[in-house]
Amino acid sequence: MSEIGDICMCRRIMKHQTSKIGDVPFYKIGTFGGKPDAYISRDLYAYYRKSYSFSNKGDILISASGTIGRRVIYDGEDAYFQDSNIVWISNDETKVLNAYLYHLYAVIKWKTEGGTIKRLYGNNISKTLIAVSPIHEQHRIASILDRFERLTTDLQAGLPAEIKARQQQYEYYRDRLLTFKRKTA
């Protein structure tokens, strides 16, 4: 993975720089992918975003502590992420698509370190071997997996389709099990 981009993280935010209410959500490992319980000031956010590495809209953020490999697509909204616990790769999308990485990260068996609390360190990420298909193939793979994910998570689309498939399956087996040949005398 070291060949597709640099591993990045936000600058450290100290506890005294956060508050329970505020302007910009601050996601820690426990709130990553959910609802924030801490905030930072707009001034601090603007300074850190300008002065240090910061993810771009569409980058795939990865949890590097606790629930290793949890993935979140950065939506571009103002937010800040806990250093070293939430990382991303600043990849060149002319070589590797974020949409492809999103699905790829789900199947990687991350090599972690640590005792009770496992950690995913930058060197573990950079040494991870991945298959990088040509861009047109990455588009195709990501598109298929996006559609499948929508079907399995969207109650409006997925559940009715699943109900219909199960109804057809039921009718098929019902007809097979309850259709008898007449016995001739």
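Applying the side chain to side chain donor-acceptor pair (under 3.5 Å) test to R71 and every residue at least two apart in sequence or in another chain returns nothing. For E77, the side chain to side chain contact (heavy atoms under 4.5 Å, CB included) partners at least two apart in sequence or on another chain are D75. In terms of the side chain to side chain donor-acceptor pair (under 3.5 Å) criterion, residue partners of D83 (sequence neighbours excluded) are, by chain and number, R12. For D6, the side chain to side chain contact (heavy atoms under 4.5 Å, CB included) partners at least two apart in sequence or on another chain are C8, S90. Scanning for side chain to side chain donor-acceptor pair (under 3.5 Å) contacts around N85 gives Q82, R119, with sequence neighbours left out. Under the side chain to side chain contact (heavy atoms under 4.5 Å, CB included) criterion, K111 pairs with N124, sequence neighbours left out. With sequence neighbours excluded, the residues satisfying side chain to side chain contact (heavy atoms under 4.5 Å, CB included) with Q167 are Y170, E171. Partners of T94 by side chain to side chain donor-acceptor pair (under 3.5 Å), not counting sequence neighbours, listed by chain and number: D92.
Screening residues 134-143 for side chain to side chain donor-acceptor pair (under 3.5 Å), with sequence neighbours left out, gives E137-R140.
Inter-residue side-chain proximity for I130 and I4 is flagged as met; some heavy-atom pair is nearer than 4.5 Å. Annotation: side chain of I141 is not in contact with side chain of H103 (no heavy-atom distance under 4.5 Å). Using a 4.5 Å heavy-atom threshold, the side chains of N123 and E113 count as touching. Within the 4.5 Å cutoff, the side chain of M1 has heavy atoms near those of the I108 side chain.
When hydrophobic residues (I, L, V, M, F, W, Y) are linked wherever their side-chain heavy atoms come within less than 4.5 Å, I144 remains an isolated member. Y39 belongs to no hydrophobic cluster with other residues, because no ILVMFWY side-chain heavy atom falls under 4.5 Å from its own, directly or through intermediates. V72 belongs to a hydrophobic cluster whose other members, connected by ILVMFWY side-chain contacts under 4.5 Å either directly or through intermediates, are I13, V24, F26, Y27, I29, F32, I40, L44, Y45, Y47, Y48, Y52, F54, L61, Y74, Y80, F81, I86, W88.
One finds the CD1 atom of I135 at 10.0 Å from the NZ atom of K95 (value rounded to the nearest 0.5 Å). Between atom OG of residue S55 and atom CE of residue M9 there is a gap of 12.5 Å, rounded to the nearest 0.5 Å. Here CG of L101 is found 8.0 Å from CD of E93. Values are rounded to the nearest 0.5 Å. To the nearest 0.5 Å, the span separating CG on L120 from OG on S65 amounts to 9.5 Å. One finds the CG atom of L97 at 8.5 Å from the CG atom of N91 (value rounded to the nearest 0.5 Å). Atom-to-atom distance recorded for D78:CG and R49:CZ is 6.5 Å, nearest 0.5 angstrom.
Taking hydrophobic clusters as Ile, Leu, Val, Met, Phe, Trp and Tyr residues chained together by side-chain heavy-atom distances below 4.5 Å, Y102 does not share a cluster with F148. Residue Y121 is not grouped with residue I7 when hydrophobic side chains (ILVMFWY) are merged at heavy-atom distances under 4.5 angstrom, including chains of intermediate members. A continuous path of ILVMFWY side-chain contacts below 4.5 Å connects L104 to L145, so both sit in one hydrophobic cluster. Under the 4.5 Å side-chain contact rule for hydrophobic residues, I62 and I117 do not share a cluster.
Closest approach of S133 and Y100 over heavy atoms only: OG-OH, 3.6 Å. Closest of all the heavy-atom pairs between S84 and A64 is O-CB, 3.5 Å.
A donor-acceptor pair is defined here as one N or O able to donate and one able to accept, closer than 3.5 Å; no such pair exists between the side chain of S53 and the backbone of C10.
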